[in-house]
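Both counts, for ligands and for their atoms, begin at 1 and track the order of listing. Only heavy atoms go into these numbers, but all of them, side chains included; no hydrogens, no water, no symmetry mates. Just so you know, these numbers come straight off a predicted model, no measurement behind them.
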Amino acid sequence: MATIILGSQWGDEGKGKLTDILCPKAQICARAAGGHNAGHSIVANGVSYSFHLLPSGLVNPNCMNLIGSGVTFHVPSFFKELAELEEKGLTDVHNRILVSDRCQVNFDLHAAVDGLEEVELGSRKIGTTGRGIGPSYSTKAGRSGVRVHEIFNEEVFERKLRQLAAGYKKRFGDLLKYDVEEEIARFKEYRPKLAHYCTDAVQYLKKAQDRDYKILIEGANALMLDIDYGTYPYVTSSNTGLGGIFTGLAINPRKLDKIIGVVKAYTTRVGEGIFKTEDLGEDGTQLQAIGREWGVSTGRKRRCGWLDLVVVKYSTNVNHYTVLNLTKLDVLDTFKTIKARILSNSVAVAYKDPQTGEEVDYFPADLDYLASLEVVYKEFEGWQKPTTAAKSFYDLPKQARAYVEFIEEFVGVPIGWIGTGPAREDMILKG
Ligand code: GTP
């Protein structure tokens with residue numbers, strides 16, 4: 001059976017921690033899409049681990065880990081991350097990770113192009129992580145990319161990579177700072193080392209599912225960054241929602257256990273693009289400071305604001321969550337900056353068309369129209385007590401319980417877990 005963990009907002013919801021908690025029950029932990037732009041952080045046994053490309057199941061010594069076919073695979077990051085995890089004391093990591101031989105290779109060329117494309121866009125830049133994810137998916141869709149299995153055919157590999165580099169050179173000329181021959185030389189070193197990790201992931205997952213292995217699938221990024229359903233064009237270049245799980249991993253849809261939507265108790269986003277509940281005032285600054293809202297991968301500060309439940313509902317309509325994990329409830333504990341001068345936390349429950357006065361209760365595709373709408377907030381009394389020590393739902397202050405219950409009811413999906421701090425132990429099982 002497979003359990004899928006997906007980000008319901010713009011990422012950084014805290015998917016890593018839930019993955020870590022559920023991992024001991026799983027035989028395999030897999031990634032389906034994205035690349036080394038993701039940024040899970042896990043605090044386990046007092047040690048903090050950062051994951052970008054690798055599945056966070058590596059923290060669990062009994063879990064096998066798989067990088068699925070939909071992932072764009074950056075070889076230097078793969079080895080670097082494995083080495084870092086080893087340094088932090090994780091054992092046997094090299095024998096607990098497999099890479100699908102159908103993955104696209106993300107070259108340093110793609111990162112160079114990423115930067116140049118952002119410069120080209122000027123004020124309309126996407127705000128990418130600069131890791132070459134977009135260009136790598138572009139070359140995949142343009143059928144000029146290189147797949148992992150091709151690394152092992154030196155002649156094909158070198159021809160395709162030279163061709164790819166020549167194509168970009170034509171477009172960017174001397175602006176492109178990339179030496180294809182140096183990259184080819186680096187791959188001569190990677191090639192013999194990589195063979196150990198590569199596998200036919202379709203075969204691997206077929207056998208695993210036939211044996212009824214428990215598979216935990218760790219979504220990267222989040223639904224609002226999905227290339228089809230997110231705030232296009234301010235999105236990443238893969239399907240980060242439910243669809244991407246099936247294209248990135250050969251999962252049998254009849255063997256699904258849970259689809260878990262991870263919802264941060266407020267909203268954050270990195271990069272450019274629409275964010276209706278963004279708070280550029282004191283509230284946003286406080287959320288950023290208390291929630292430590294800056295990126296694991298990039299160090300970039302995240303934009304912050306109140307929870308947008310229209311977004312979470314939209315995300316649910318696309319991803320069909322069966323249960324939610326509400327995270328970072330504790331960040332709202334001491335909230336002092338208050339709307340309407342009462343102790344409150346707010347959530348967006350609808351948008352309002354200022355022209356017609358009508359409420360818009362869905363997330364529209366047309367972002368210009370969305371930008372013209374006002375946000376309708378509901379305010380909640382703040383609890384102003386620490387929630388981190390709470391061991392059960394009923395240990396939470398009654399105002400916090402009301403907040404949680406409102407979200408459940410509004411979205412129409414039960415909340416199974418509530419995060420009350422960064423550590424593994426700070427998670428209430430609501431049941
Ligand atoms: P992406 O894959 O990049 O979207 O990130 P993610 O969803 O995996 O987020 P990540 O697991 O990196 O979590 C972001 C940060 O939130 C990390 O520093 C976590 O330790 C922290 N975190 C997770 N849950 C909680 C929580 O309930 N409370 C607090 N205070 N911090 C939390």
Any nitrogen or oxygen of [X], side chain or backbone, less than 3.5 Å from one on ligand 1?
| X | value |
| --- | --- |
| Gly14 | yes |
| Val331 | no |
| Asp426 | no |
| Arg302 | no |
| Lys15 | yes |

Carboxylate-amine/guanidinium proximity below 4.0 Å for [X] and [Y]:
| X | Y | answer |
| --- | --- | --- |
| Glu381 | Lys398 | no |
| Arg302 | Asp12 | yes |
| Asp212 | Lys255 | yes |
| Lys80 | Glu84 | yes |
| Lys15 | Glu218 | no |

When you look for heavy atoms under 4.0 Å from ligand 1, do you find them on the side chain of Asp12, its backbone, both, or neither?
->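 Within the 4.0 Å criterion, Asp12 contacts ligand 1 through backbone and side-chain atoms alike.
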
Which bit of Thr420 is near ligand 1, meaning a heavy atom under 4.0 Å away: side chain, backbone, both or neither?
->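 Contact part for Thr420 vs ligand 1: backbone (N, CA, C, O).
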
May I ask which of Lys328, Arg424, Lys17, Arg292 has a heavy atom nearer to atom 15 (C) of ligand 1 than the others do?
->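 That would be Lys328.
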
Is the side chain of Gln209 donor-acceptor paired with the backbone N or O of Met1 at a distance under 3.5 Å, no angle test?
->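 No.
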
Lys214, NZ: over 12 other non-hydrogen atoms inside 6.0 angstrom |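 Not buried by this count: 12 neighbours or fewer within 6.0 Å.
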
For Gly419, atoms of ligand 1 separated by under 4.0 Å from a heavy atom =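 With Gly419 as reference, the close atoms of ligand 1 come out as 27 (O).
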
Looking at Gly11, which atoms of ligand 1 are within less than 4.0 Å of one of its heavy atoms?
->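 Atoms satisfying the 4.0 Å criterion: 4 (O).
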
Is it true that Gly421 lies under 4.0 Å from ligand 1, counting heavy atoms only?
->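 Right, Gly421 reaches ligand 1.
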
Does the ring-ring contact (aromatic ring centres under 6.0 Å, His included) test come out yes or no for Phe406 and Tyr403, once each step is laid out?
-> CA-CA 5 Å; Phe406 182 84; Tyr403 187 73; 8.2 Å; no

